[in-house]
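Okay, structure first, notes after.
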Number of protein chains: 2
Amino acid sequence: MASTVEGGDTALLPEFPRGPLDAYRARASFSWKELALFTEGEGMLRFKKTIFSALENDPLFARSPGADLSLEKYRELNFLRCKRIFEYDFLSVEDMFKSPLKVPALIQCLGMYDSSLAAKYLLHSLVFGSAVYSSGSERHLTYIQKIFRMEEFIIHSPDFEAAKFWVGNMGKTATHAVVFAKLCVPGDQCHGLHPFIVQIRDPKTLLPMPGVMVGDIGKKLGQNGLDNGFAMFHKVRVPRQSLLNRMGDVTPEGTYVSPFKDVRQRFGASLGSLSSGRVSIVSLAILNLKLAVAIALRFSATRRQFGPTEEEEIPVLEYPMQQWRLLPYLAAVYALDHFSKSLFLDLVELQRGLASGDRSARQAELGREIHALASASKPLASWTTQQGIQECREACGGHGYLAMNRLGVLRDDNDPNCTYEGDNNILLQQTSNYLLGLLAHQVHDGACFRSPLKSVDFLDAYPGILDQKFEVSSVADCLDSAVALAAYKWLVCYLLRETYQKLNQEKRSGSSDFEARNKCQVSHGRPLALAFVELTVVQRFHEHVHQPSVPPSLRAVLGRLSALYALWSLSRHAALLYRGGYFSGEQAGEVLESAVLALCSQLYKNLWGAVLQESKVLERASWWPEFSVNKPVIGSLKSKL
Amino acid sequence: MASTVEGGDTALLPEFPRGPLDAYRARASFSWKELALFTEGEGMLRFKKTIFSALENDPLFARSPGADLSLEKYRELNFLRCKRIFEYDFLSVEDMFKSPLKVPALIQCLGMYDSSLAAKYLLHSLVFGSAVYSSGSERHLTYIQKIFRMEEFIIHSPDFEAAKFWVGNMGKTATHAVVFAKLCVPGDQCHGLHPFIVQIRDPKTLLPMPGVMVGDIGKKLGQNGLDNGFAMFHKVRVPRQSLLNRMGDVTPEGTYVSPFKDVRQRFGASLGSLSSGRVSIVSLAILNLKLAVAIALRFSATRRQFGPTEEEEIPVLEYPMQQWRLLPYLAAVYALDHFSKSLFLDLVELQRGLASGDRSARQAELGREIHALASASKPLASWTTQQGIQECREACGGHGYLAMNRLGVLRDDNDPNCTYEGDNNILLQQTSNYLLGLLAHQVHDGACFRSPLKSVDFLDAYPGILDQKFEVSSVADCLDSAVALAAYKWLVCYLLRETYQKLNQEKRSGSSDFEARNKCQVSHGRPLALAFVELTVVQRFHEHVHQPSVPPSLRAVLGRLSALYALWSLSRHAALLYRGGYFSGEQAGEVLESAVLALCSQLYKNLWGAVLQESKVLERASWWPEFSVNKPVIGSLKSKL
């Protein structure tokens, strides 16, 4: 397969036009085409090419650089573009089942073009659509044709603070919404939140339905192509049939029935649909980082400043400082992108089980594990991207502050990824609670640490792991993600034990469970959740790049990317490694720091296949001059003169 | 003085209207009016009130919330507003000399209204004006009336990459510019960069002068009320008299003359004018953080989420996590604002010496010390603000992402503070070089560490300081900025020694000075410069809040703010404290972490005088609903319904 493309299929991966980056490119020790094939696979490359080619050739997607679009105009354009994406029908249902990774790939391609488009498409097709699909039953598949019946529920927002904000697509155009409301049946019995499908606007006039107060929340920091709305319901009557009844239903007589025996089990089963949003956000965040890093690295390879002598100026990428600022984020793109895909496939497994009615213990455990991983990887990916874009913007100096260079748009569009589905800090508590629950189960019931995806299995050996020390004494021995893996395992065990002890201590001194958890979260629960998910990301990428099927010529570069992400992430926990005794003496910290710098220095000379392989695709979806290989940032200004 | 205001002058500091924050306000153990008087002084409060009242009552400064201003319209408005500020003439030259702190206070007031306005005013009046004033001589004070003579210089940009970008005010309206160009006299002798005043546009038509290519660089991420330009010069002839000749001049015969004997001394003297930009940026950054923290704390005190029971929801500020996210930035506002004022007064002293022709060694040393402090405090202040605004935005959840809540504008407008005058990372090298120079002087010449502002004097005791250890074993003993001061002194000594050794080791192994410095900067020079400036900030604020003139009722709250900023900043260096052996064992790190949390918890209950004292002034300069005490963020939406 590789040879086909390398040999002749230049239509799929054509050569780069010549330009100022040639000098760097010539140094690469591997074929960027081979790396592209290994990372994506030929089928996926073709799929992405189809999407990008369609957008490139459709005037509706032409950019008008410099044009100051009004909010209304931008939203209208985004609505039309989203509609056009549905018309293109890039992904058939059959194809989706055969190659599920094409779903996030499609969203990423749209997001590379414009985050607002990706968000609008995702919300409409996947969030709204899949909520109806996965929570409802057959009667809802033909929902629109159904007529209102006489059995009705009343949906009511008791006061202003109960209004729901931020509903994507609701500001201007949505006609129906899935509303989670407390389900109360006669006799005043309440059964917690259940989803209803509710008509909120007349599809012809777009005026709100009686009792519904719905509107646009106004201009945001970014994603202004998307209309976010608020809604309040004043005693709105909806038919019984509009209850999405997979988790629980109400008979015509008014009796509540549920396939789940207890509330806790019903809750566990519903975690799957919560996870899908978080998993999508990981993917949306990473695409922003991918774009930002490509822009900043290209700029750094062509922008010259100062040098060893007054006469000679060198590209800023030659400075160890610039390498240290940017290359770890390139490594993060690779590690997190791989993790994002693998977690998506885990989620597909979970949803298939749900669809087939699997009520096994394994299925429930899988739901919990994915929920724990998604609740921490969404914060990790969105924060890494937030910080990475900021670093890229600053590393490009004033040019990074020019709107045309897109780093500002990327930052603004990525920002909601940090607070969607609940603030990142709050979500991390879900993950630390999961781990604490496993430890309590082990302590009280002697249970083993076992999970379907094996992310927690290593914890079984925690007393032994806690006795380990960092014993690498030379930088050369440190240049491997295995070193970071061992350290991360120790760190998670240490933080888990400390958090557990601190929590029990707080409870013994009279705190309620609510208070005790809040008191432990900053210093214990938060770092525990982050360390656990970083370990999982590092572990999966480490295994991926060390599998036998990796082409020999790619092993060095992939191994370095894996080691750099792992060690750089780990270095942010150096204080804890010292505090708990895994590190001791000056050397440990020095070796870790030097290893990160050494990997940056090794990689920058040899990364151009990697970076440009990504950007090669991007530039076709973007008509902004900074994306063109021959026109780095400063060149784009030149062409304006 | 305090009693006058507290007793009767409610016009200067009127009571707050009643609102949802009353419950928190009632808890404060001190009088916010007393704190306002201590922090600002009565004269300054009156000065600010004059400015804000003028803006409030002038329709030109009315906001139009929700209006989508075009770039052109925004710039036009900003130009008119800037012109109006000159007409108001808030600050006479006499007043400026009597109360120099009114200069940054005026800029801050304008910046609180709109950063673009502050930047435009600052660039026109202070940067351009003071460059002419401090580099030129009497002939330039009446420059505009002077006619062109025959003795001319030729200013020429050899190629496109030599074009100058980002010149503030140059995009659309500037008619004259100060241009730094290499000064070459007959016989091909060159004397380095010298400033010239050059006419770039015809003042009537605003068309470029012959040979000048000048234009607007386009839309930016923020500060779009300011027109930034680029300029290239094609063999432009300017008269000899346009050389700003304080540092060097050319006789009519073409001979170069300078009052300074050697190049190095001339360079040292010119550092003063470099510092003034950096000192201004510290002040501009802090005002953005001040606004962001006030917005986020108000939101957190009124926004309720979850609670100990299903029925009771508590304000999010009650959560230790929210306190930990926001309160350190409130403390940073106080510490950095104080530092910013004190450094500005140091700069005034330097400039007075320069104006009076002082060529003493002390004057030169003062220039170098201020340059070192300004080059590191500009990065510290701009980064703290960047991170603080981001934290505030996320801590307000979705509401922080609404444009009307201003956190996005603050973030975008603050951003260039991170890259103005050179990227922050590059500027930090100036500071580490200064410290390394002093150590080399001590090692080779046995010189003492002494500087006019005494920021380096403690280094004289460095061998003894390096033997110290952290010996605080209880959280209670840690709640004081003195603990952090001792640790910071150790840290600076440690990093200075390590950097010096690493630099020499690199040179011994064959690196040139250029290479060696670049290799040491990430791991050594950068943290050294940051630790040194943080120490200085902590030291100055510690002394300020412990001086005998602090009213007894304010000592507790000011002491806590000082301790929180100091310990929170220090905690980011915990890995280095362990690595170098100042910290050992689990307890050290735990005590530091617990002290930060304890201070957050003590302060949040008792800070409302402090926060609202700031916001009280702000809301008068802003008509955005979120600034009104009675209308926190969620209320502003309510009023829209």
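Bear in mind that the values here come from a model prediction, so they are computed numbers and not experimental data. So that the names make sense, note that chain A is the first sequence line, chain B the second, and so on, each numbered from 1.
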Portion of [X] that has a non-hydrogen atom of chain A nearer than 4.5 angstrom:
{"X": "B:Gln390", "answer": "side chain"}
{"X": "B:Leu576", "answer": "neither"}
{"X": "B:Ser512", "answer": "neither"}
{"X": "B:Arg526", "answer": "side chain"}
{"X": "B:Asp412", "answer": "both"}
{"X": "B:Ile314", "answer": "side chain"}
{"X": "B:Asp423", "answer": "side chain"}
{"X": "B:Gln323", "answer": "neither"}
{"X": "B:Glu590", "answer": "both"}

**Request:** For each of A:Ser601, A:Ser571, A:Gly307, tally heavy-atom pairs with chain B at distances under 4.5 Å, and name the one with the top tally.
**Result:**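 Going by pairs under 4.5 Å, I would pick A:Gly307.
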**Item:** Best-contacting candidate, A:Cys418, A:Ser594, A:Ala575, A:Pro308, against chain B by heavy atom pairs under 4.5 angstrom
**Value:**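 Of the candidates given, the most pairs with chain B belong to A:Pro308.
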If we define contacts as heavy-atom pairs under 4.5 Å, which of [options] has the most with chain A?
{"options": "B:Gly408, B:Ala574, B:Pro416", "value": "B:Pro416"}
{"options": "B:Glu515, B:His573, B:Gln386, B:Gln305", "value": "B:Gln386"}
{"options": "B:Glu593, B:Gln223, B:Arg304, B:Arg579", "value": "B:Arg579"}

**Request:** Could you please state which residues from residues 581-589 of chain A sit under 4.5 angstrom from chain B, measuring non-hydrogen atom to non-hydrogen atom, sorted by number, or 'none'?
**Result:**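 When heavy atoms of chain B are the reference, residues 581-589 of chain A contributes A:Gly585, A:Glu586, A:Gly589 within the under-4.5 Å range.
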**Request:** Might you work through the side chain to side chain donor-acceptor pair (under 3.5 Å) test for B:Trp324 and A:Gln521, ending with a clear yes or no?
**Result:** CA-CA 11 Å; B:Trp324 173 74; A:Gln521 197 56 23; over 6 Å; no
**Prompt:** Do A:Leu221 and B:Arg411 touch side chain to side chain, with heavy atoms closer than 4.5 Å?
**Reply:** yes
**Request:** Report yes if the side chains of B:Asp415 and A:Arg393 come closer than 4.5 Å at any heavy-atom pair, otherwise no.
**Result:**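 When only atoms from C-beta onward are counted, A:Arg393 and B:Asp415 do touch, with a gap below 4.5 Å.
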[atom1]/[X] to [atom2]/[Y] distance, rounded to the nearest 0.5 angstrom?
{"X": "B:Asn518", "Y": "A:Phe306", "atom1": "CG", "atom2": "CZ", "result": "11.0 Å"}
{"X": "A:Tyr420", "Y": "B:Tyr401", "atom1": "OH", "atom2": "OH", "result": "6.5 Å"}
{"X": "B:Leu597", "Y": "A:Lys519", "atom1": "CG", "atom2": "NZ", "result": "11.5 Å"}
{"X": "B:Met321", "Y": "A:Leu428", "atom1": "CE", "atom2": "CG", "result": "7.5 Å"}

**Request:** Taking all heavy atoms of B:Thr419 and all of A:Glu394, pick out the closest pair and write down the distance.
**Result:**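 Closest pair (atom of B:Thr419, atom of A:Glu394, distance): CG2-O, 3.6 Å.
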**A:Glu498, part contacting chain B, at a heavy-atom distance under 4.5 Å** = side chain
**Asked** Where on A:Arg325 is there a heavy atom nearer than 4.5 Å to chain B: the side chain, the backbone, both, or neither?
**Response**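 The side chain, not the backbone.
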**Mutual orientation of the aromatic rings belonging to A:Tyr578 and B:Tyr578 [parallel < 30°, tilted 30-60°, perpendicular > 60°]** = parallel
